Amino acid sequence: MLRGKHIVVGITGSIAAYKAAYLVRALIKKGAEVQVVITPAGKEFITPVTLSALTGKPVVSEFFTANDGTWHSHVDLGLWSDLMIIAPATAATIGKMANGIADNMLITTYLSMKSPVFVAPAMDLDMYAHPSTQKNLETLKSFGNHIIEPASGFLASKLEGKGRMEEPDKIVEVIETYFSKKEDLAGKKMLITAGPTYEKLDPVRYIGNYSSGKMGFALAEACAERGAEVILIAGPTQLQLNHPGIKRIDVESADQMYEQAMTEFQHVDAGILCAAVADYKPEVYADEKIKRKEGDELVLKLVPNKDIAASLGKIKREKQLLVGFALETHNGEKNAKLKLEKKNLDFIVLNSLQDEGAGFRTDTNKISIINKKGERTDFPLKNKKAVANDIVDTFIKFM
Ligand code: CTP
């Protein structure tokens, strides 16, 4: 899987830097070509001689070689690389990456990277848990970087907790999985709807729902990373994406999402409908702000929106696939099966608001997949990206 792959290993100033030597060796043993980029602090923990002996290449650390002035091009490294892994990544480096503080060769290389970037944090448990570190990691995720979460265990500070860099063989496993999954949707075009819809009441108000769009965005990313060309129709959300394989179309209302979905569905192999579309919209939109009238009730009349999933189900061609979601509070399986049939879906992803960690706004989800034969597969609670890959794995069996 790794044979001939170009991998940039970034090493920063953590005691876990010694593990980077094992990581580099394991990658090379699997046939990868490795280029090490190390920060000045990283060199305090592991010597470049060890690393260059392992890789057979000079280790890059400074912008210039002091003795002959050779310039090290971070731009060229960004183009050369098939994957960058920063292991160990300290809190300082993670902070610099999140904020574009390009004061060393490793950060400039990161900023020039055209390939996916994996980050394996290593630090003390309190530093890891600190809101600033967590915020920076969230920022990195929003850039499309992959975080390899640290393990819990004995730390250099002699404390026990989460912050230990993941073991090199586990990191290699993550990288191999990434490459093995990479191409299984190559040549496929996917339509994904995500997020809530807002139904306008007047210039300052809308009817909406709590959907964050996280599940749909994770799906878009997972499909793009596995080689698909993705059209993501997104309702209002703050989420950011950064993958060249994803074309994002922003919409606000269910009507706008419907128009875009009906047009785009004609050109795709499959649709995954993850959006929490408002079922109703106000019958009238007030051009001016609705004013409070003392003592009066305000009665809103709502009229139904079009069902995007059912409409696509009607025009679905023989070879096209259609996947829907059902977010239920009760009678989950029964309702999901009804929706599967009514909307002419190939399978439906059920998540229940009764399960802790599932549903809107969380970073995790717990799903069951139900197919047309009524067969149900349950999955454990996972982060939304892993859930997205489970859905894609199921999906591939249908293609
Ligand atoms: N859906 C859609 N367009 C709508 C409503 C729902 O495309 N107007 C899609 C959702 O994206 C999801 C599936 O249909 O994939 C089920 O959505 P859900 O809101 O659970 O079902 P509804 O059909 O709206 O039924 P209810 O709200 O009564 O549960």
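As the structure lists them, so they are numbered: ligands from 1, and atoms in each ligand from 1. Counting begins at 1 with the first residue of the sequence. Keep in mind it's a predicted model, so treat the numbers as computed, not measured.
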Residue pairs passing the salt bridge (Lys or Arg N to Asp or Glu O under 4.0 Å) test with at least one member in residues 2-23, sequence neighbours excluded, are Lys19-Glu167
Only residue of Leu239, Ile192, Ile246 satisfying side-chain contact (heavy atoms from CB on, under 4.5 Å) with Phe217 is Leu239
For Leu322, the other hydrophobic cluster members (4.5 Å side-chain criterion, sorted by chain and number) are Leu191, Ile231, Ile233, Ile249, Val251, Met257, Tyr258, Met262, Phe265, Val268, Leu273, Val277, Ile308, Leu312, Ile315, Leu340, Leu345, Ile348, Leu350, Ile370
Between Phe118 and the options Tyr178, Phe179, Tyr110, the ring pair (Phe, Tyr, Trp, His ring centres under 6.0 Å) test singles out Tyr178
The protein residues that pass the under-4.0 Å heavy-atom test against ligand 1 are Leu273, Ala275, Val277, Asp279, Lys306, Asp307, Ile308, Ala309, Gly324, Phe325, Ala326, Leu327, Lys339, Lys343
Grouping ILVMFWY residues whenever side-chain heavy atoms fall under 4.5 Å, the cluster of Tyr22 otherwise contains Tyr18
*asked:* Closer than 4.0 angstrom, basic N to acidic O: yes or no for Lys337 and Glu341?
replied: no
